[in-house]
Amino acid sequence: MSTAKIIDGKAIAGEMTDQLADRVKTYISQTGSPPCLAVVLVGEDPASAVYVRNKGKTAEKIGFRSIQHTLPADTAEDVVIELVNDLNDDPAVNGILVQLPLPDHIDEKKIIGLIAPEKDVDGFHPINVGRLGAGDFESALIPCTPAGSIILAKSAHGENLSGLNAVIVGRSNIVGKPAAQLLLAENCTVTIAHSRTKGLETVVRRADLVVAAVGRAEMIKGDWIKPGAIVIDVGINRVPAPEKGDGKTKLVGDVDFDSAKNVAGAITPVPGGVGPMTIALLMHNTFTAACRQNGVSSI
Ligand code: GUN
């Protein structure tokens, strides 16, 4: 039984951030100050707190300034609006990220729509969604997880994804839909499938490239995968792990890794696949935003 190449997202993300750290030094010598990322966290969701901490740590490691605003879960919507407006108006802030999900009493769409599009390093503002849809990569900021997923696919397949049958499982605004736009721009034949797709297994089995972003632990089994296909697993699901001891948990993807690795040509692990790439692309977007705002070359 053949065994897939395991795509080392942690190593590839590390190379990206190392390269970025060098470019940040040049940027600082040109502008006199470091790129600055502001992250807003509302509430105490432990997973969000871990992500936000990792974002801040990586930002500082590569020479960015990192600002974190942590607000209690019962913060009024108006307070979040005022904070985003202040960050928009602050010329020292280059990138703004509001960690999702927000508490139920805060209108996520409204908050995302308030972020200045040129500082929207998540690429979630409707202006950036439109730019991506129109293929305007010069001015768009691109969502980090799908952008990172494509870099990982290329690391396994080579730069040219043209003509591949790409099947994305999941249709979220954060991953599925932008991944479809990016893969179309790479000349893939793109199918967006989801949990309600009829004959999902058959659809996935046609894919040369699978992007799994459906949010269901280990849903996609090895016998759904076309032999030799590239499998990018975006899922991060916490499940019980009684084998590790009472009450213990572990992270798994949307793909059943143990069966899929015997069929796929290449596959990302969870953790250590797409996750680190999301943070690396966030740094890339922040740097791109800072360069555009200051008229400095990002190369
Ligand atoms: N929550 C889960 N993923 C993301 C992301 O990529 N950006 C933000 N802002 N929140 C998230």
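The chain is numbered in sequence order, starting from 1. Whatever order the structure lists ligands and atoms in, that order sets their numbers, starting from 1.
Residues satisfying the side chain to side chain donor-acceptor pair (under 3.5 Å) test with Asp122, not counting sequence neighbours, are none. Legend: residues meeting side chain to side chain donor-acceptor pair (under 3.5 Å) with Gln99, ordered by chain and number and at least two apart, are Lys55.
One hydrophobic cluster, built from ILVMFWY side chains closer than 4.5 Å, cannot hold both Val252 and Val263; they sit in different ones.
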Identify all pairs of nitrogen or oxygen atoms, one from ligand 1 and one from the protein, separated by less than 3.5 Å, and list them with distances.
{"unit_1": "ligand 1", "atom_1": "1 (N)", "unit_2": "Gln99", "atom_2": "NE2", "d": "3.3"}
{"unit_1": "ligand 1", "atom_1": "1 (N)", "unit_2": "Leu100", "atom_2": "O", "d": "2.9"}
{"unit_1": "ligand 1", "atom_1": "7 (N)", "unit_2": "Asp122", "atom_2": "OD1", "d": "3.0"}
{"unit_1": "ligand 1", "atom_1": "7 (N)", "unit_2": "Asp122", "atom_2": "OD2", "d": "3.3"}
{"unit_1": "ligand 1", "atom_1": "9 (N)", "unit_2": "Val98", "atom_2": "O", "d": "2.8"}
{"unit_1": "ligand 1", "atom_1": "9 (N)", "unit_2": "Asp122", "atom_2": "OD2", "d": "2.6"}
{"unit_1": "ligand 1", "atom_1": "10 (N)", "unit_2": "Leu100", "atom_2": "N", "d": "3.0"}

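Neither side chain, Ser66 nor Gln68, offers a donor N or O lying under 3.5 Å from an acceptor on the other.
A salt bridge does not link Glu201 with Lys221: every distance from a Lys NZ or Arg NE/NH1/NH2 to an Asp or Glu carboxylate oxygen is 4.0 Å or more.
Grouping Ile, Leu, Val, Met, Phe, Trp and Tyr residues whose side-chain heavy atoms lie under 4.5 Å apart, directly or via other members, places Phe64 in a hydrophobic cluster with Leu20, Val24, Tyr27, Ile28, Leu37, Val39, Leu41, Val52, Ile62, Leu97, Val121, Ile279, Leu282, Met283, Phe287, Val296.
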